[in-house]
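Before any comments, here is the structure.
Proteins come first, then strands; the chains are lettered A, B, ... in the order of their sequence lines, and each starts at number 1. Keep in mind it's a predicted model, so treat the numbers as computed, not measured.
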2 protein chains.
Amino acid sequence: MMGMSAERKPSPSQPPGVVEPAGLEASTGYLLARVGSDSRRLWAHTLLEEDLTPHHYSALIALDQRGAMSQRQLSHLVGIDPRNAVPVIDQLQTRGLLARNPDLTDRRRNAVTLTETGRRLLTRLRHAAEDAQERLLTPLTTTERRSLHALLTKLFAAGGAVQ
Amino acid sequence: MMGMSAERKPSPSQPPGVVEPAGLEASTGYLLARVGSDSRRLWAHTLLEEDLTPHHYSALIALDQRGAMSQRQLSHLVGIDPRNAVPVIDQLQTRGLLARNPDLTDRRRNAVTLTETGRRLLTRLRHAAEDAQERLLTPLTTTERRSLHALLTKLFAAGGAVQ
DNA sequence: TATTGTTATACTCTATAACTATA
DNA sequence: TATAGTTATAGAGTATAACAATA
């Protein structure tokens, strides 16, 4: 419908003498980027019903998990630039989902916290997230899902090394 | 340096009674999207030296592998919208890397083919792609890489089912 | 001097709508 | 009527440069 589509060739089975150049599916990096963007697209589409973007959701999740923190900490945790976090936090604050309080130990900082409204919305969103994830991972068995999660975690944890 | 960064907690080891809400790293979909975008970023950064984007590269690869095809086929194969493929193909044509020839069986279509110049450039780019991939997958063993590739292929192949 | 939050800005990627020429 | 290519356009995501307040 919208996502990915390229046909696959499970077994190359080349006629002898013909060397076909490697296709896109041969690259793990390409598959990672493409499946990853599909994952994001799927989730973004679901969040549209709540008028939120994946960045909004990630920020709410991080605040729920770690409690109050500065905007820099939050941006770093969510993986976006602090500059681009400003409008994201603005919108969440306007909707009463989080609050910016003064940090008493450092007056440059805002202590960003989740509100009760934000927490309630998050509960609803978590269910939607599980549904979306279920749809995404349908082709995999439980064991395969665990394996994929472990491998991605390994890449994610080492992330700082990339570039 | 720029990519991902969130700290991990290999073992949760909660104090009894405290239930910490699940964080972002608990979601396979999130990890997929984030590691995927890092993969794309890394590759895009490498391609910048040749003044190309990942889409340009994907198009060249697909043409090299499958030969002449229409713009729609090419777009579909690469996973981008035909509308957005127009400027991509324009730029590649301007640089003499591919050619748009009339399709004799259907005058609406362009038969897009790789030029010799395009093929030569591609040879160079393939090496760069291998290097980038090596950097990306450094944290994984050979077995783990094979496993990841297989899992992603499974998700990719089933892609049409998503959404 | 370095850091926190901010603004303004620009560029890429992706998506919606609508046109044209062919089939 | 449906399809192939195209244009214009708008939005989200990301990145560069620079600033004020504070450490």
Between A/Val78 and A/Ser58 the two heavy atoms that sit nearest each other are CG1-CB, 3.5 Å
Could you say whether A/Arg83 or A/Arg109 is positioned toward the 5' end of DNA chain C, judged by the nucleotide with the nearest heavy atom to each?
A/Arg109
At less than 3.5 Å, do the side-chain atoms of B/Arg108 and the base atoms of D/dT3 form a donor-acceptor pair?
yes
Among D/dA15, D/dT6, C/dT6, find the nucleotide with the atom closest to the side chain of B/Arg41.
D/dA15
Here the distance between atom C1' of C/dT6 and atom CZ of A/Arg100, to the nearest Å, is 10 Å
Between A/Pro82 and B/His55, which is nearer to the 5' end of DNA chain C once each is assigned its nearest nucleotide?
A/Pro82
Please pick, from D/dG5, C/dT6, D/dT14, the nucleotide with the shortest atom-to-atom distance to any side-chain atom of A/Val86.
C/dT6
Can you figure out which of C/dT22, C/dT14, C/dC13 approaches the side chain of B/Ile80 most closely?
C/dT14
Is there a side-chain contact between A/Thr153 and B/Glu25 (heavy atoms, below 4.5 Å)?
no
Just by distance, do the side chain of B/His55 and the backbone of B/Ile89 share a donor-acceptor pair under 3.5 Å?
no
Rounded off to whole Å, could you give me the CZ-to-P distance for the A/Arg34 and C/dC13 pair?
15 Å
Examine the base of C/dA15 for any acceptor or donor lying under 3.5 Å from a partner atom in the side chain of B/Asn84, and report the outcome as yes or no.
yes
Of the listed D/dT22, C/dT14, C/dA23, the closest approach to the B/Arg107 side chain comes from C/dA23
To the nearest Å, how far apart are A/His45 NE2 and D/dA12 P?
15 Å
Would you mind classifying the nucleic acid contact of A/Pro87 as base, sugar-phosphate or nothing, using non-hydrogen atoms under 4.0 angstrom?
nothing
Would you say that more than 12 heavy atoms from the other residues, nucleotides or ligands in this model lie under 6.0 Å from the CD of B/Glu116, or not?
yes
Interatomic distance, A/Leu42 CG vs D/dA12 C1' [rounded to whole Å]
17 Å
Need one value for B/Ser37: base, sugar-phosphate or nothing, where a base atom within 4.0 Å counts as base even if backbone is also close, heavy atoms only.
nothing
Name the residue closer to the 5' end of DNA chain D, choosing between A/Thr105 and A/Thr53 according to the nucleotide with the nearest heavy atom.
A/Thr53
Any idea which of C/dG5, C/dC13, D/dT6 is nearest the A/Arg72 side chain?
C/dG5
Once you apply a heavy-atom cut-off of 4.0 Å, does A/Asn110 come out as touching a base, just sugar-phosphate, or nothing?
sugar-phosphate
Please report, rounded to the nearest Å, how far the C1' atom of C/dC13 is from the CD atom of B/Gln91.
13 Å
Side chains of A/His56 and A/Leu97: closer than 4.5 Å at any heavy-atom pair?
no
Any A/Arg40 side-chain nitrogen or oxygen under 4.0 Å from OP1 or OP2 of C/dC13:
no
To the nearest Å, how far apart are A/Asp38 CG and C/dT14 P?
10 Å
Separation of atom CG in B/Asp81 from atom P in C/dT12, rounded to whole Å:
18 Å
What is the distance from CG of A/Asp90 to P of C/dG5, rounded to the nearest Å?
13 Å
Please determine whether a side-chain nitrogen or oxygen atom of A/Gln73 lies at a distance below 4.0 Å from atom OP1 or OP2 of C/dT4.
no
Determine whether B/Leu148 and A/Leu155 satisfy the following criterion, side-chain contact (heavy atoms from CB on, under 4.5 Å), listing intermediate values before the conclusion.
CA-CA 11 Å; B/Leu148 177 62; A/Leu155 288 177; 3.9 Å; yes
